[in-house]
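Reading through the structure tokens given below for one structure.
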Amino acid sequence: MKLAERVNRIKASPTLAITEKANALKKEGRDIIGFGAGEPDFDTPVNIKNAGIKAIEDGFTKYTPVGGTDELKDAIIDKLKMDNQLTYSRSQVVVSCGAKHTLYNLSQALFEKGDEVIIPSPYWVSYPAFVLLADATPVILETKEQDGFKVRPDQLEGVITKNTKAIILNSPSNPTGAVYAFEELKALADIIAGSNILAISDDIYEKIIFDGVPFFNIANMRENLKDLTVVVNGVSKTYAMTGWRIGYAAGPEDIIAAVSKIQSQNTSNPTSISQKATIEALRGNQDDPRKMVEEYRERRNCIVEMLNTIEGITCVKPQGTFYAFPNVSKLYGVSYNGGTISNSVDFAEYLLDEANVAVVPGSAFGSDDHIRLSYATSMENIRKGIERIKTAIDNLKR
Ligand SMILES: *Cc1c(COP(=O)(O)O)cnc(C)c1O
């Protein structure tokens, strides 16, 4: 059967692919240490699970309003007010089946042929795919490691055209862990407001941030910028709820109404029981997520320090998320077993074959000089896995 052209426009998510390959090797009996997964290794906190169980027992198992229940929208509105000093009404909030779904529906609602959407790289793997599936053009804006992987104002000015519709911002960033400081975001906000483009702010790692580094949202940077911002967030990462599939957006009423309209014809409402669990996540005790962040911080310190002891690898210290994004390009050109490692895919394959360690090649995120390691895994795995990488690299003929 001939498939639609749009299928060939995109690639399947490479992060999910590497996780699947590592899992397949594990099943064959290989002792693989996985740094591929883009999800917390922690269990969903028990108070949240219980809220889900109670929802089932109470028979809260039917369709809800498409964009989420009023009760959940109110919990989200309170969260955005308390954490982000942003005020929204129910008609400015939509709940979807994960932030990925939110961003997909948002792209379908906003973008069309001829539109340009600025995506700073390194980027989350799905952003370009969302834009392409909406028939629009992703404009990749390459950030520099020496700029902390952040967009400089002159760079942003350089890529805005009359066709620019939006920019997708993600701080803390997957994959780099970079967090925008107030002045950095303010400078971008001035340009965005001046050019009347939309800012899509993916805040999914908002709470996974270390050492007291503050989080800022672009919507707060200028008067009226809230009217040009859609805030996207969710519970997957903060509350270890990836399988529950709840994400949400808050923004201008017309945009949110369009997202709800599209959602009404694809999934209808997000899962009713997950909505109940999310209310508990947002309103309940926050000790568990805080403990997770503390654990991520210790793991980050360990993995970054260990990576930097390996000759040929340099790793900047991420300020947030649970990813390390070391530069491995000094090792390109090195040969092994008759082959040559010449890019991040070769490098990741070498590590999987020779070190039994799964990482994601940086090319998946638009940066071929790097690899991504998720440290949402035990300290023991981190120590053992990085030791293995070190040994495998020492074995390379140079
Ligand atoms: C994980 C992730 C998401 C989506 O998470 P959901 O599970 O769909 O809510 C969105 N953006 C980034 C940058 C992510 O890493």
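Atoms within each ligand, like the ligands themselves, are counted from 1 in listed order.
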Non-neighbouring partners of K144 that pass salt bridge (charged side-chain N to carboxylate O under 4.0 Å, His left out), sequence neighbours left out = E142
Taking only residues two or more places apart in sequence, or in another chain, which ones meet K49 in a salt bridge (charged side-chain N to carboxylate O under 4.0 Å, His left out)?
-> D43
Can K186 and E183 be counted as an ion pair, charged N to O under 4.0 angstrom?
-> no
Electrostatic pair D31:R388 at N-O distance under 4.0 angstrom = yes
All pairs passing ring-ring contact (aromatic ring centres under 6.0 Å, His included) where residues 251-285 contributes a residue, at least two apart = none
Ligand-protein N/O pairs under 3.5 Å (ligand 1):
from	atom 1	to	atom 2	distance (Å)
ligand 1	7 (O)	S236	OG	2.6
ligand 1	7 (O)	R245	NH1	2.7
ligand 1	8 (O)	A99	N	3.1
ligand 1	8 (O)	K100	N	2.9
ligand 1	8 (O)	R245	NH2	2.8
ligand 1	9 (O)	A99	N	2.6
ligand 1	9 (O)	S236	OG	3.3
ligand 1	11 (N)	D202	OD2	2.6
ligand 1	15 (O)	N174	ND2	2.9
ligand 1	15 (O)	Y205	OH	2.7
ligand 1	15 (O)	K237	NZ	3.0

Parallel under 30°, tilted from 30 to 60°, perpendicular over 60°: which one fits the rings of F322 and Y296?
-> tilted
